[in-house]
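Following this message is one structure expressed as structure tokens.
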Protein chains: 2
Amino acid sequence: MPESKPKFRRESPEQRRVQLIEATLRVIARKGVSAATVREISAEAGVAFSLIRHHFKTKEDLMYAAYAFHMHKMAQVSLSAATDTARPLKERIKQCITDTLSPPVTDGAALQVWAGFIQMVPHDARMKQIHMDTYLGFRDALEPLIVEALRSQGNHADPARIEQKAIACNAVLDGLWLEGSMLPDMLPAARLIDVAEFAIFAILELAQPD
Amino acid sequence: MPESKPKFRRESPEQRRVQLIEATLRVIARKGVSAATVREISAEAGVAFSLIRHHFKTKEDLMYAAYAFHMHKMAQVSLSAATDTARPLKERIKQCITDTLSPPVTDGAALQVWAGFIQMVPHDARMKQIHMDTYLGFRDALEPLIVEALRSQGNHADPARIEQKAIACNAVLDGLWLEGSMLPDMLPAARLIDVAEFAIFAILELAQPD
DNA sequence: ACATTTACTGCACGTTTGTACAATAAAGCC
DNA sequence: GGCTTTATTGTACAAACGTGCAGTAAATGT
């Protein structure tokens, strides 16, 4: 019985990289960034800690990858409804609000990861670039919805006013995301969504739904 | 010439504590939380690194003190206009908006410090307490302004609707604070204030100013 | 001027960190 | 089945971390 139990499994570099990234995010969510050491992460992933440096040149590189991965996932969940042109406009807006202000986007763990990375942004050009890309991606996906909403009721499409409303709607979502993630007991998802719908429809000067 | 230049200056515990706290916040703002080691902080303050443990039982205690100090300072700047009952209501609201969305409250360095501490909140009961206190303090100071604004124009003071509007206004300020601190080039203070005034007056169903 | 207090310094200790490198073994190819 | 490739492991190491403690000196009261 020579090969009854292999000592480890050999994975493709792509799969292993994703495993290590997801282990990193789990550790950060559970214990914070300072606890995300190579030893802790590799234990979470179930591999030797020296394996990390075989797939990532430095630990910093793993952090870059984890940040981009996390942001991309959040944006995808949050905006998946925005481009679904089959559904009516109001439905799409409400779906975006709901997706943004419910788990797993509005969530203590996600906030932990986000806050941990945010503090690296000003000191690191690559982190800053990742941040800019995801933020502008979010705003670019949201603005067409707002333009459409204003046009649909014959509102004057002054570009300056459109941008003003886009920034304001974005701020409402960001602010509620922040507070809902930090104080979930005080502000459950249903309450956040209710407030967001009211505020955004007020800003867009649309008739309140329901 | 025995005592030409003393090797160090002896300060009162209270003064030295504040000096160490402020040095901590400067280091965090400049290099992030991970760079805020006892050696780095004490170098910033111009003292031996072992002095920290003479004034704070542990390094964690210094962090608690720095967090509370930072939050208290931000809330004070942001809300100083709220209680100034001599000025007319609209002026007070606009002043609060301006104070909140200008430096030093809306500022990259302040965001750095805040983000660094936020990630400790879920894992630490004392940090959580400090956070709750400052957050509720902010909301309690803002809500009377909103109640007064709604009452002033004979609006129906349904408590549920008042709280809804208070949460929404809070979210606008939080969201703009966040985005303005992260992307100051894209969103300068003047733009933030402009958007905030528009959005908050829309939410409160007040006539737009100017 | 001297004694007392304690803010302050300087150094050493054990732990944990990211990194480096040689040895090992799993998987694919012939 | 043997050979090659390389994903994976295990160990070692220097640097940096928070902490402990004995000694020093600045300020204060007498």
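Note on naming: letters A, B, ... go to the chains in the order of the sequence lines (proteins, then strands), and numbering restarts at 1 for each one.
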Open item on the list: Looking at B:K165, is its backbone amide N or carbonyl O close enough to the side chain of B:R161 to form a donor-acceptor pair, meaning the two atoms are under 3.5 Å apart?
Closed with: no

- [ ] Starting at atom CZ of A:F8, determine the distance to atom C1' of D:dT9, rounded to an integer number of angstrom.
- [x] 7 Å

Using atom types as modelled, flag every donor-acceptor pair under 3.5 Å from a side chain in residues 31-41 of chain A to any protein atom, sequence neighbours excluded.
from: A:K31; atom 1: NZ; to: A:E40; atom 2: OE2; distance (Å): 2.9
from: A:T37; atom 1: OG1; to: A:E40; atom 2: N; distance (Å): 3.1

TODO: Name all pairs fulfilling the ring pair (Phe, Tyr, Trp, His ring centres under 6.0 Å) condition that reach into residues 9-28 of chain A, sequence neighbours left out, sorted by first residue then second.
DONE: none

Task: For atom CE of A:M63 and atom C1' of C:dG18, their distance in whole Å - done: 11 Å

Open item on the list: With a 4.0 Å cutoff (strictly under), does any side-chain N or O of A:R9 reach OP1 or OP2 of C:dA27?
Closed with: no

Task: All pairs passing ring pair (Phe, Tyr, Trp, His ring centres under 6.0 Å) where residues 31-62 of chain A contributes a residue, at least two apart - done: none

- [ ] Please work out which residues in residues 120-127 of chain B have a non-hydrogen atom less than 4.0 Å from an atom of DNA chain C and list them by number.
- [x] none

TODO: May I have all residue pairs that pass ring pair (Phe, Tyr, Trp, His ring centres under 6.0 Å) and include part of residues 125-149 of chain A, sequence neighbours excluded?
DONE: none

Collect all protein-nucleotide pairs involving nucleotides 3-6 of chain D in which both atoms are nitrogen or oxygen and the distance is under 3.5 Å.
from: D:dT6; atom 1: O4'; to: A:R10; atom 2: NH2; distance (Å): 3.1
from: D:dT6; atom 1: O2; to: A:R10; atom 2: NH1; distance (Å): 3.0
from: D:dT6; atom 1: O2; to: A:R10; atom 2: NH2; distance (Å): 3.0

TODO: May I ask you to check whether over 12 heavy atoms, not counting those of B:K59, lie within 6.0 Å of atom NZ?
DONE: yes

Open item on the list: Per the salt bridge (Lys or Arg N to Asp or Glu O under 4.0 Å) rule, what does the pair list look like for residues 129-144 of chain A, sequence neighbours excluded?
Closed with: A:R139-A:E163

Open item on the list: Just to verify, what does B:T106 make a side-chain contact (heavy atoms from CB on, under 4.5 Å) with, not counting sequence neighbours?
Closed with: B:L101, B:W177, B:S181, B:L192

Open item on the list: Measure NZ/A:K7 against P/C:dA25 and give the value in whole Å, please.
Closed with: 5 Å

Task: B:R17 CZ to C:dC8 P, straight-line distance once rounded to whole Å - done: 13 Å

TODO: Give every residue pair that meets the salt bridge (Lys or Arg N to Asp or Glu O under 4.0 Å) criterion with at least one member in residues 8-25 of chain A, sequence neighbours excluded.
DONE: A:R9-A:E11

Open item on the list: Applying side-chain contact (heavy atoms from CB on, under 4.5 Å), can you list everything that pairs with B:A45, at least two apart in sequence or on another chain?
Closed with: B:L20, B:A23, B:V47

Open item on the list: Does the protein touch nucleotides 10-22 of chain D at the base, only the backbone, or not at all? Give it as B, S and - per nucleotide, heavy atoms under 4.0 Å.
Closed with: BBB----BBBB--

Using distance only, find each side-chain donor-acceptor pair of residues 69-77 of chain A under 3.5 Å and give its atom names and separation, not counting sequence neighbours.
none

Task: Value in whole Å for how far the P atom of D:dA25 lies from CD of B:E11 - done: 19 Å

Task: Side chain of A:V47 (C-beta onward), nearest among D:dT9, C:dC8, D:dT8 - done: D:dT9

Open item on the list: Measure CD1/A:I52 against C1'/D:dT9 and give the value in whole Å, please.
Closed with: 13 Å

